[in-house]
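Worksheet: the structure to be examined is printed underneath.
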Amino acid sequence: MAKHQLNDAVKIPDTAFEITQHLGFSQEKKALWAWYEIAGSVMSLHVEDPQQRFEGLLRWFYTDLGFCAREDYFSVEAADLGSCIMSRQGNSTTLATVMILLAKQLDITLDAVLLPGQTVVRSRINDNIVYIDPLTGLELSRHQLHLLVRGELGNSAMLKPKYLKTASLKRLITRMLHELKAGCIVTHQFEQAMECCNLLLQWHPDDVNLNRERAFIAQQLGCIKVAISDLQHFIDSSPHDPVTEIVKMQLKELSDQPQTYH
């Protein structure tokens, strides 16, 4: 797979479309044309009052266009922004991103909030902050936000202020890549999953957990030398991590396996 360089000049949807085409999923040109069609149509919702514009956007997005959660929620297709725009089905991150992009066309600023396990949308209109579930378009109370966090991290998890911070475009694309990677692993598309790790490591070279994930994927591909290198890097960089002893055992087992060179 040809190497695709990520840089910090992130533009949505351009960057997301380029990545998924690079991975061999939705085609960039088709995704862009689908986006242009929807983005052009949204201007008919423009009214003077921003709150009415936002409410009109929600009705149009979920009722008229029929955007909704994809049934195979953890699939590559759900995590692919281009596929989401063309099929009008996605996961919380892709649906939130499309809504944020459309709101921008209407001069409404929405932000993505990356809760553990789910992305939600934050609107701030006339100093009134509201959180929206991108899967349904319904408003979320703080109690419901806390339930989402507890559902991912366990009943003892707190709703920490850092969870409600709005995400940069780079962090949003990073989450998309993680979700694409997870979808690839579920469907045993390990070459694409490996490339997702490679792209993520360009932006986050100090995230040794990515090295550990890449080691697992490399092992599935028979690239034992790569897996050994990544596991050794994890051990050297995280000697006090609780999982380091387990990683050492994995490394010992891998060292005894025959190596396939790619």
- Item | Q21 side chain vs E28 backbone, donor-acceptor pair below 3.5 Å | yes

- Message: Would the distance check show the side chain of Q220 and the main-chain N or O of F216 forming a donor-acceptor pair, the cut-off being under 3.5 Å?
- Response: yes

- Query: Okay, side chain of R53, backbone of V47: is any donor-acceptor separation there less than 3.5 Å?
  - Reply: yes

- Query: Taking atom NE2 of H188 and atom CD1 of I217, what is their separation to the nearest 0.5 Å?
  - Reply: 11.5 Å

- Can you name the nearest heavy-atom pair linking C84 to G90, along with the distance? SG-CA, 4.0 Å

- Task: Go through the side-chain N and O atoms of Q51 and N126 and say whether any donor and acceptor fall under 3.5 Å apart.
- Result: no

- Task: Considering non-hydrogen atoms only, spot the tightest contact between L81 and I12 and give its length.
- Result: CD2-CG2, 4.2 Å

- Message: Evaluate D133 against V121 for side chain to side chain contact (heavy atoms under 4.5 Å, CB included), listing each step before the verdict.
- Response: CA-CA 7 Å; D133 182 351; V121 173; over 6 Å; no

- Message: Looking only at side-chain N and O atoms, does S87 offer a donor or acceptor that is under 3.5 Å from a partner on Q89?
- Response: no

- Mark yes or no for whether T244, through its side chain, and H240, through its backbone, hold a donor-acceptor pair below 3.5 Å. no

- Which pair of heavy atoms, one from A157 and one from V149, lies closest together, and at what distance? CB-CG1, 4.0 Å

- Message: I'd like to check L101 versus V98 (side-chain heavy atoms, cut-off strictly below 4.5 Å). Are they in contact?
- Response: no

- Message: Hydrophobic clustering (ILVMFWY, side-chain heavy atoms < 4.5 Å, transitive) - are W35 and I100 grouped together?
- Response: yes

- Is the shortest heavy-atom distance from the side chain of L148 to the side chain of Y163 under 4.5 Å? no

- Query: What class does the angle between the rings of Y36 and W33 fall in, given that below 30° is parallel, 30 to 60° is tilted and above 60° is perpendicular?
  - Reply: perpendicular

- Note on the structure: Value for CD (E213) from CG (L200), rounded to nearest 0.5 Å, stands at 8.5 Å

- Rounded to the nearest 0.5 angstrom, the CZ-CD1 distance for R124 and I108 is 15.5 Å

- Message: As a quick check of understanding, evaluate side chain to side chain contact (heavy atoms under 4.5 Å, CB included) for L251 and I228, giving each step before the final call.
- Response: CA-CA 6 Å; L251 181 59; I228 288 173; 3.6 Å; yes

- All heavy atoms of R142 vs all of L159, minimum pair found to be O-CD2, 3.7 Å

- Task: Please examine the side chains of L45 and Q105, heavy atoms only from C-beta on, and report whether any two atoms are closer than 4.5 Å.
- Result: no

- Query: Where does the angle between the aromatic ring planes of F61 and F67 fall among parallel (under 30°), tilted (30 to 60°) and perpendicular (over 60°)?
  - Reply: parallel

- Message: With no hydrogens and no angle check, just 3.5 Å: does a side-chain donor-acceptor pair link R175 and T119?
- Response: yes

- Would you say M43 has more than 12 foreign heavy atoms packed within less than 6.0 Å of its CE? yes

- What heavy-atom pair brings Y73 and S92 nearest, and what distance separates the two atoms? OH-N, 3.0 Å

- Message: Please check this pair: side chain of Y62 against backbone of P134, looking for a donor-acceptor N/O pair closer than 3.5 Å.
- Response: yes

- Message: Show, in sequence, the C-alpha distance, side-chain angles and deciding distance for H22 and E195, and conclude whether the side chain to side chain contact (heavy atoms under 4.5 Å, CB included) test is met.
- Response: CA-CA 9 Å; H22 168 71; E195 185 63 7; 2.8 Å; yes

- How about S83 and S26: does a side-chain donor come under 3.5 Å of a side-chain acceptor? no

- Message: Measuring only between side-chain heavy atoms, which start at C-beta, is E139 closer than 4.5 Å to I132?
- Response: yes

- Can you measure from CD1 (I235) to CG (N211) and round to the nearest 0.5 angstrom? 11.5 Å

- Pick out which of R212, R214, K225 makes a salt bridge (Lys or Arg N to Asp or Glu O under 4.0 Å) with D230. R214

- Note on the structure: The reported gap from CG in L114 to CG in L164 (rounded to nearest 0.5 angstrom) is 11.0 Å

- Can you measure from CG (L180) to CZ (F25) and round to the nearest 0.5 angstrom? 6.5 Å

- Task: Side-chain contact test, heavy atoms from C-beta onward, threshold under 4.5 Å: evaluate it for T94 versus E77 and give yes or no.
- Result: no

- Taking all non-hydrogen atoms of both residues into account, name the closest pair between V208 and S237 and its distance. CG1-CB, 3.4 Å

- Message: What I'd like to find out is whether the side chain of F54 reaches to under 4.5 Å of the side chain of L58, using heavy atoms alone.
- Response: yes

- Message: Let me check something: do M176 and L210 share a hydrophobic cluster, defined by ILVMFWY side-chain heavy atoms less than 4.5 Å apart, either directly or through other members?
- Response: yes

- Message: One pair to check against side chain to side chain contact (heavy atoms under 4.5 Å, CB included): V243 and F234. What are the steps and the verdict?
- Response: CA-CA 10 Å; V243 303; F234 180 91; 3.6 Å; yes

